[in-house]
Amino acid sequence: MLDFNTLVEFSRGNCVSICAFLVPANLLVTILTMSLVALRRPSYQVWQSAGIASFFASVMISHVYTWFMIGVVMAPTYILLWLAITCLVTNLAAILFQRRYGNSPSLSNNA
């Protein structure tokens, strides 16, 4: 069984490497989601990309909260939390936009 304290200590002990992976991963996959919506790709591709991006953002939020648990309140913790929440909201907005305007001919240039 996975011990919560061990996981929290791992998260704090490897902070630099975790953040070095999660920050670009969040940004790249969120940009991919927005690009898929802009290119009018099928829904399953948008959902898959948004799901991966949301997973990365959720892991980052969990990682930041491990620092909040021990009382580390600094600018980087708030910046990382803001980045993760922004990525979550952006992916949700991309899904909603694609569902609302995905089949709408009014967005095309074929008028």
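As the structure is a prediction and not an experimental result, all values here were calculated from the model.
Each of V46 and L28 belongs to its own hydrophobic cluster when Ile, Leu, Val, Met, Phe, Trp and Tyr are linked at side-chain heavy-atom distances under 4.5 angstrom. Linking Ile, Leu, Val, Met, Phe, Trp and Tyr residues whenever their side-chain heavy atoms come within less than 4.5 Å places V23 and F55 in a single cluster. One hydrophobic cluster holds both W82 and L22 under the rule that ILVMFWY side chains link at heavy-atom gaps under 4.5 Å. Residues L32 and F97 are members of one and the same hydrophobic cluster, defined by side-chain heavy-atom contacts under 4.5 angstrom among Ile, Leu, Val, Met, Phe, Trp and Tyr. Residues V29 and L92 do not share a hydrophobic cluster, defined by chaining ILVMFWY side chains whose heavy atoms lie under 4.5 Å apart.
At a threshold of 4.5 Å between non-hydrogen side-chain atoms, the residues Q98 and I95 do not count as touching. Between I61 and L88 the shortest side-chain heavy-atom distance falls below 4.5 Å.
Atom CD1 of I79 is separated from atom CE of M74 by 10.0 Å, given to the nearest 0.5 angstrom. With rounding to the nearest 0.5 Å, the separation of CZ in F10 from CG in N5 is 15.0 Å. Taking CE from M60 and CG from L80, the interatomic distance works out to 5.5 Å, rounded to the nearest 0.5 Å. Note: M69 CE to Y65 OH = 12.0 Å, rounded to the nearest 0.5 Å. The distance from the CD atom of Q45 to the CG atom of L36 is 6.0 Å, given to the nearest 0.5 Å.
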Check against side-chain contact (heavy atoms from CB on, under 4.5 Å), F68 and L81: CA-CA 11 Å; F68 285 151; L81 186 63; 3.9 Å; yes

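T66 is linked by a side-chain hydrogen bond (donor to acceptor under 3.5 Å, both in side chains) to S11, counting only residues two or more places apart in sequence or in another chain.
Sorted by first and then second residue, the side-chain hydrogen bond (donor to acceptor under 3.5 Å, both in side chains) pairs with a member in residues 15-36 read T30-N91, T33-S49, T33-N91; sequence neighbours excluded.
Ring orientation note: the planes of W67 and H63 are nearly perpendicular, at an angle over 60° on the 30°/60° scale.
Between C19 and P24 the shortest heavy-atom distance is O-CD, 4.0 Å.
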